[in-house]
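One structure is given here, and the rest of the page talks about it.
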Amino acid sequence: MISFTPPRRRTMRFDMTPMIDVVLQLIIFFMYTSTFSEMVRTPVDLPEEPGEEIEKFNTDALVVDVRTDGTILVQGVVLTLEELRKIVGGELIRGGEGSHLEIVLRPDRDAPSSHINAIAGELASLGVRDWRIATVVPQGGVR
């Protein structure tokens, strides 16, 4: 007697575990790198001044910190005024004509204004007219 048995159907299983692992690692990577630029900044006691609150801060901006003793720092590296001039000049050349270089100056509250004026003079001599000074908004808020 001949018996006919129906052929077994092969079911394909797709294991999602490796894909979930990769997605979670990507999420961790992007969360870490998005906050890395904030971790590089040196702690500075910013002056209290009412002014314009920026809702969205440009992460590509060149952030220049000025300590109480007049030390200039860019991404945690101590620079002289001439080295800062070379960096800004290089960024302007690299950006090309019509590019917009955003510079944020973060002076310490007790930093001498002569150092800030010297930086402003160097920026002006390079043709940079649009830069900002970071401050902390006092309790009264923005004017």
Side-chain angles (χ1 to χ4, degrees), residues 4-143:
F4 291 102
T5 58
R8 287 186 160 196
R9 288 192 168 185
R10 290 184 141 184
T11 57
M12 301 220 15
R13 293 183 183 225
F14 187 69
D15 189 15
M16 293 290 291
T17 306
M19 186 179 296
I20 292 171
D21 288 344
V22 169
V23 168
L24 288 175
Q25 287 187 5
L26 285 172
I27 290 171
I28 291 169
F29 171 77
F30 287 121
M31 286 175 55
Y32 178 73
T33 57
S34 68
T35 59
F36 185 70
S37 63
E38 294 292 325
M39 293 184 335
V40 172
R41 294 202 183 127
T42 56
V44 176
D45 187 22
L46 295 174
E48 285 189 7
E49 284 293 322
E52 173 188 4
E53 281 197 55
I54 301 173
E55 292 179 16
K56 188 173 182 182
F57 182 72
N58 185 1
T59 56
D60 294 335
L62 179 65
V63 180
V64 180
D65 297 329
V66 181
R67 289 187 180 162
T68 306
D69 60 355
T71 306
I72 301 170
L73 291 105
V74 174
Q75 293 184 348
V77 178
V78 177
L79 301 174
T80 63
L81 193 56
E82 184 58 34
E83 291 170 331
L84 177 65
R85 179 183 173 83
K86 288 178 184 177
I87 288 174
V88 172
E91 288 293 320
L92 289 171
I93 291 171
R94 188 174 64 114
E97 216 174 295
S99 68
H100 180 72
L101 175 64
E102 186 174 343
I103 298 175
V104 178
L105 187 62
R106 297 180 63 228
D108 191 278
R109 174 183 314 224
D110 298 323
S113 61
S114 61
H115 295 291
I116 299 166
N117 290 339
I119 294 172
E122 290 295 326
L123 293 175
S125 70
L126 290 169
V128 178
R129 304 274 186 250
D130 186 24
W131 52 276
R132 298 172 186 236
I133 295 181
T135 61
V136 175
V137 178
Q139 292 294 334
V142 180
R143 279 189 225 170

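Side chains included, hydrogens not; waters and symmetry mates left out as well; all remaining heavy atoms used.
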Got Phe14 and Met19 here, is their nearest side-chain heavy-atom distance under 4.5 Å?
yes
Can a donor-acceptor pair be found between the side chains of Thr68 and Arg109 at a distance below 3.5 Å?
no
Any side-chain heavy atom of Leu81 sitting closer than 4.5 Å to one from Glu122?
yes
Separation of Glu91 CD from Leu62 CG (nearest 0.5 Å):
6.5 Å
Is the shortest side-chain heavy-atom distance between Trp131 and Val104 below 4.5 Å?
no
If I take atom CG from residue Leu79 and atom OG1 from residue Thr71, how far apart are they, to the nearest 0.5 angstrom?
10.5 Å
Would you call Val63 and Gln75 a side-chain contact if the rule is heavy atoms closer than 4.5 Å?
no
Value rounded to 0.5 Å, distance of CZ in Arg67 from CD1 in Ile72:
11.5 Å
If you measure from the Lys or Arg side-chain nitrogens to the Asp or Glu carboxylate oxygens, is any gap between Lys86 and Glu83 under 4.0 Å?
no
With a 4.5 Å limit on heavy-atom distance, are the side chains of Val74 and Asp65 in contact?
no
Smallest heavy-atom separation, Pro107 atom then Ala134 atom, equals CD-O, 4.1 Å
Does Ile116 reach the side chain of Leu105, with side-chain heavy atoms less than 4.5 Å apart?
yes
Within this structure, what is the CZ-CD1 distance for the pair Arg85 and Ile87, rounded to the nearest 0.5 Å?
13.0 Å
Checking Leu123, Ile119, Leu73 against Leu84 for side-chain contact (heavy atoms from CB on, under 4.5 Å), the one that qualifies is Ile119
